[in-house]
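Here is the naming used below: chain letters follow the sequence lines, and residue numbers restart at 1 for every chain. Hydrogens, waters and symmetry mates are skipped; everything else that's a heavy atom, side chains included, is used.
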There are 2 protein chains.
Amino acid sequence: MYKVALVDDHTLLSEAIAGLVRQFDNFEVVYIGLNGKEFVDYLNSDQAVKPDIVLMDVNMPVMGGVETTTHLSKHHPDIKVLALSIEEEESVVLQMIRAGAKGYLLKDTRKAILEQALNEVLTHGFYYTNTVEKLVKRNEAAHEDEVTLKERELEFIKHACTEMTYKEIAELMFLSPKTIEGYRESVFQKLGLKNRTGLVIYAIKNKIFVP
Amino acid sequence: MYKVALVDDHTLLSEAIAGLVRQFDNFEVVYIGLNGKEFVDYLNSDQAVKPDIVLMDVNMPVMGGVETTTHLSKHHPDIKVLALSIEEEESVVLQMIRAGAKGYLLKDTRKAILEQALNEVLTHGFYYTNTVEKLVKRNEAAHEDEVTLKERELEFIKHACTEMTYKEIAELMFLSPKTIEGYRESVFQKLGLKNRTGLVIYAIKNKIFVP
DNA sequence: AAAGTTACGGGGATAAACCCCCTTTTTTCA
DNA sequence: TGAAAAAAGGGGGTTTATCCCCGTAACTTT
């Protein structure tokens with residue numbers, strides 16, 4: 001009998017999915033939690049029943065899926081993490097995989113697939129759907145011609161998405177306006193931009209700045 | 001015995017929630033569909049069992065929740081719609097309510113609340129959680145001090161979210177640069193902006209321009 | 001018909017943004 | 001540890017953007 005934990009802030013869903021999991025052979029639900037913090041605290045408590053596998057949501061308040069998975073990989077490497085989310089965005093999926101998730105299910109998968117995924121992760125160590133595999137490959141290809149912005153430049157870009165003038169940004173970053181000027185030119189050159197408006201849109205598109 | 005239909009593109013969730021609903025007294029699940037189109041087609045078919053209430057997701061491919069609800073209000077006003085979504089954004093909630101939804105549940109509600117909501121909608125005609133009520137009120141309040149931008153100004157704003165200079169925008173709109181200047185000033189004044197960067201961010205926040 | 005509103009256009013000034021070429025300081029690492 | 005690279009700072013000039021105050025034509029309102 002494998003022990004399953006559910007971590008999802010959408011109570012209705014965890015309750016409902018718990019019902020599904022209980023129908024499967026060889027699986028029992030030992031824990032249902034609202035977020036990563038709750039789950040980690042639970043594991044550190046005395047009466048914790050350590051699960052074999054966790055069905056983990058990604059978008060959660062307090063402590064999100066990525067952070068929680070990273071923590072589990074470090075402190076409880078024997079607990080497998082299977083991500084279960086509506087989030088289809090490449091970067092998020094990849095972050096979860098990098099954090100140590102053994103698989104990533106979108107919430108539009110069928111009941112039978114969930115059972116299969118649970119079994120696969122426990123027996124073979126991982127389970128990836130075609131969709132996720134494609135996503136990962138496509139992302140790797142996209143990374144080829146990607147520019148790398150330096151930390152300081154990223155900081156500058158965030159401030160540039162503001163009504164501040166460059167002079168004000170310089171004061172904020174304790175730099176000379178001329179240095180900011182340098183960042184601006186370097187960033188424009190790297191990204192092929194013509195003006196600050198273009199920079200703002202690039203930053204928002206690439207989530208450097210979230211409006 | 002009330003008849004319930006489920007419409008949600010996340011199969012795992014509909015299946016799981018169907019399990020929950022079947023546990024309730026007086027409820028049976030007569031239909032599970034992936035999107036609004038599928039459901040409407042089903043209703044128009046011969047062997048359709050007309051449900052008393054539909055649990056409807058909002059974000060769906062092909063035919064979304066708002067569109068479907070509007071259609072049902074017109075052609076099947078005896079079928080109650082209870083929205084069930086993760087979407088917390090005010091405008092979306094309001095759209096669903098306006099379209100004729102009798103209630104709006106976020107997916108983090110508990111099993112007992114779902115049962116209560118189903119019963120309330122069927123007996124009293126509606127069910128609103130505190131959260132949704134607050135949301136609606138807050139939105140009404142927000143609408144008070146809302147500025148109205150003219151058509152021409154909106155067009156200008158969209159072009160301003162571009163690497164074009166004002167002169168180029170003027171050419172594009174067959175106007176003098178000075179007229180554009182006028183739009184700019186009027187828009188800045190109305191929205192309390194300091195510069196073009198602020199305008200771009202406002203436009204994206206308010207979905208005038210989608211990056 | 002006088003007064004107001006809306007849309008369009010303009011002059012001229014100042015600040016901010018943009019561009020190219022260059023020096024000094026700091027860091028990196030072979 | 002010394003050369004190379006990266007980061008920070010700068011001079012000086014052009015182009016945009018911003019701001020304020022003004023004028024005209026057309027169409028409403030009263």
message: So if I take every side-chain heavy atom of S176(A) and compare against dC19(C), dG9(D), dG9(C), which nucleotide ends up nearest?
response: dG9(D)
- prompt: What is the minimum heavy-atom distance between K37(A) and M63(A), and which atoms define it?
  reply: N-CB, 3.4 Å
- prompt: What is the distance, rounded to the nearest whole Å, between atom CZ of F156(B) and atom P of dT6(C)?
  reply: 19 Å
query: Is the shortest side-chain N/O distance from K150(A) to OP1 or OP2 of dA7(D) below 4.0 Å?
result: yes
- request: Check every strand shown and say whether T179(A) touches a base, only sugar-phosphate, or nothing at a heavy-atom separation below 4.0 Å.
  value: base
- prompt: Starting at the 5' end of DNA chain C and moving along, which residue's nearest nucleotide shows up first, M164(A) or R152(B)?
  reply: R152(B)
query: E168(B) side chain to T165(B) main-chain N or O, any donor-acceptor pair under 3.5 Å?
result: yes
query: Between dA17(D) atom P and Y183(B) atom OH, what is the distance in whole Å?
result: 17 Å
R184(B) vs dC19(D): side-chain N/O to OP1/OP2 distance below 4.0 Å: yes
query: Quick one: which of dG9(D), dC18(C), dA16(C) gets closest to the side chain of N195(A)?
result: dC18(C)
message: Looking at R110(A), I'd like to know if its CZ atom is crowded, meaning that more than 12 non-hydrogen atoms belonging to other residues, nucleotides or ligands lie closer than 6.0 Å.
response: no
message: Please determine whether the number of non-hydrogen atoms from other residues, nucleotides or ligands lying under 6.0 Å from atom NZ of K167(B) exceeds 12.
response: no
- prompt: Roughly, in whole Å, what's the span from CD in E151(B) to P in dA7(C)?
  reply: 11 Å
statement: Whole-Å distance, F188(B) CZ to dA17(D) P, equals 10 Å
- request: Mind telling me whether F39(A) and Y42(A) have parallel, tilted or perpendicular rings, with 30° and 60° as the class edges?
  value: parallel
message: Tell me whether the side-chain N or O atoms of E185(B) pair up with the base of dC20(D) as donor and acceptor below 3.5 Å, since no angle test is needed here.
response: no
- prompt: Atom CG of L193(A) to atom C1' of dC18(C): distance rounded to whole Å?
  reply: 13 Å
E171(B) CD to dG9(C) P, straight-line distance once rounded to whole Å: 13 Å
statement: By nearest-heavy-atom nucleotide on DNA chain C, the more 5' of E181(B) and K178(A) is E181(B)
task: May I have the distance from E163(B) (atom CD) to dT15(D) (atom P), rounded to whole angstrom?
output: 19 Å
field: Between dA17(C) (P) and Y166(B) (OH): distance, integer Å
entry: 12 Å
